[in-house]
Amino acid sequence: MTKRVVLLGPPGSGKGTQAVGLAKALGVPAISTGAIFRDNLSRGTKLGKTAGSYMAAGQLVPDEVTNAMVADRLAQPDAADGFILDGYPRNLEQVVELDAMLAERGLEIDLALDLALDHVLVVARLLNRAQIEGRADDTEPVIRERLAVYRRSTEPISGAYAARGKLVSVDGDGTIEDVALRLHAACVPAT
Ligand code: AMP
């Protein structure tokens, strides 16, 4: 069964929610770089202070900072048998770095799941989430910047996984349960 998974898709595609559900179903941790940054920001750690200004502007936190944080997290025992990565990698440099982290242990990414959702729907969902969760980076100008960063830096990485035959695109439109079933089916081969 597929256990080392990266979940791709634009901000607002439901990655965070789906990563948690899929991780539970597969018995592995969901690792969200955005959530780790937000946790550090709220606790006022050095990492949080470094990341905060980039997050508020909708920009990527520098690779050295992000890669080191992910390397630490993946080295923890609960990630030894697998993980769902949500929000990482986010550019081609991070793809290379993630490969290197895993290769050190003779491992590789089993599957990249691309949660596909129209960008018009994405903006609507994010604005709605802003009202519910009050996330500081869910204002319209920051949402537009995050989508621009996504198109420029993150979208191209699906090609890297496609070239290895590891990419599966999943329709992200539908109820949480519908999308969860599609993702699960992509991870667990039909018997
Ligand atoms: P997310 O919760 O995934 O939307 O991430 C929120 C913010 O955290 C992003 O807009 C970035 O500022 C930062 N962030 C999360 N993951 C990464 C990453 N892999 N590389 C750089 N910055 C990241």
Side-chain angles (χ1 to χ4, degrees), residues 4-23 29-75 79 83-102 109 112-117 119 121-158 160-161 172 176 179 183:
R4 291 183 184 84
V5 177
V6 300
L7 198 50
L8 308 173
S13 59
K15 281 198 310 298
T17 304
Q18 294 296 343
V20 170
L22 188 59
I31 300 177
S32 157
T33 44
I36 299 174
F37 282 135
R38 278 188 292 282
D39 174 56
N40 276 273
L41 191 60
S42 70
R43 289 187 291 116
T45 66
K46 187 164 169 261
L47 177 63
K49 282 178 188 139
T50 306
S53 56
Y54 295 98
M55 295 168 77
Q59 301 284 338
L60 295 185
V61 177
D63 284 346
E64 319 80 82
V65 176
T66 308
N67 290 334
M69 180 181 90
V70 172
D72 273 359
R73 181 64 189 87
L74 291 185
F83 48 78
I84 311 293
L85 271 173
D86 155 26
Y88 182 93
R90 230 155 162 128
N91 59 28
L92 285 167
E93 292 75 15
Q94 293 181 6
V95 171
V96 171
E97 191 61 28
L98 175 60
D99 284 343
M101 285 176 214
L102 294 174
I109 290 297
L113 290 170
D114 188 18
L115 212 44
L117 197 66
H119 283 199
L121 275 181
V122 157
V123 175
R125 279 202 196 185
L126 287 171
L127 288 172
N128 185 43
R129 183 172 79 184
Q131 292 186 335
I132 298 165
E133 293 179 16
R135 245 177 76 165
D137 59 350
D138 276 347
T139 60
E140 187 149 3
V142 181
I143 287 170
R144 302 241 172 251
E145 180 58 21
R146 284 160 62 208
L147 280 174
V149 169
Y150 175 77
R151 283 199 201 96
R152 190 168 62 235
S153 303
T154 309
E155 223 162 36
I157 75 178
S158 57
Y161 290 108
I176 292 178
V179 177
L183 290 170

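Atoms within each ligand, like the ligands themselves, are counted from 1 in listed order. We count residues from 1, following the sequence as given.
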Which residue and heavy atom of the protein sit nearest atom 23 (C) of ligand 1, plus the separation: Phe37 CE1, 3.7 Å
Shortest non-hydrogen separation from Tyr88 to Val6 and the atoms involved: O-CG1, 4.1 Å
Shortest non-hydrogen separation from Gln18 to Leu115 and the atoms involved: CG-CD2, 4.3 Å
Proximity of Arg135 to ligand 1 by residue part, where a heavy atom lies under 4.0 Å: side chain
Heavy-atom neighbours of Leu102 CG exceed 12 at 6.0 Å: yes
Heavy atom of the protein closest to atom 22 (N) of ligand 1 (residue, atom name, distance): Val61 N, 3.0 Å
Top protein contact for atom 19 (N) of ligand 1, by heavy-atom distance: Gly87 O, 2.8 Å
For Arg146, the ligand 1 atoms whose distance to one of its heavy atoms is below 4.0 Å: 4 (O)
Side-chain heavy-atom pair Leu126, Pro11 within 4.5 angstrom cut-off: yes
Pick from Arg38, Arg90, Glu145, Lys15: the one approaching atom 4 (O) of ligand 1 most closely through a non-hydrogen atom: Arg90
Leu92 versus Ala160, closest heavy-atom pair with distance: CD2-CB, 4.2 Å
4.5 Å side-chain heavy-atom contact, Thr33 and Asp86: no
Gly58, any N or O under 3.5 Å of ligand 1 N or O: no
Within reach of ligand 1, part of Gln59 (heavy-atom separation under 4.0 Å): backbone
Ligand 1 atoms in contact with Thr66 (distance to a heavy atom under 4.0 Å): 18 (C), 19 (N), 20 (N), 21 (C)
Residue and atom name of the nearest protein heavy atom (relative to atom 16 (N) of ligand 1), distance in Å to one decimal: Thr33 OG1, 2.7 Å
Nearest protein heavy atom with distance in Å, relative to atom 7 (C) of ligand 1: Met55 CG, 4.0 Å
Thr66 and its side-chain contact (heavy atoms from CB on, under 4.5 Å) partner, picked from Glu93, Gln94, Glu97: Gln94
Atom 20 (N) of ligand 1 - nearest protein heavy atom and its distance: Gln94 NE2, 3.0 Å
Which segment of Leu60 sits under 4.0 Å of ligand 1 when only heavy atoms are counted: both
Basic-acidic side-chain contact under 4.0 Å: Asp63, Arg90: no
Geometric N/O contact Tyr88 with ligand 1, under 3.5 angstrom: no
Distance, nearest 0.5 Å, that separates NZ of Lys15 from CG of Asp114: 9.5 Å
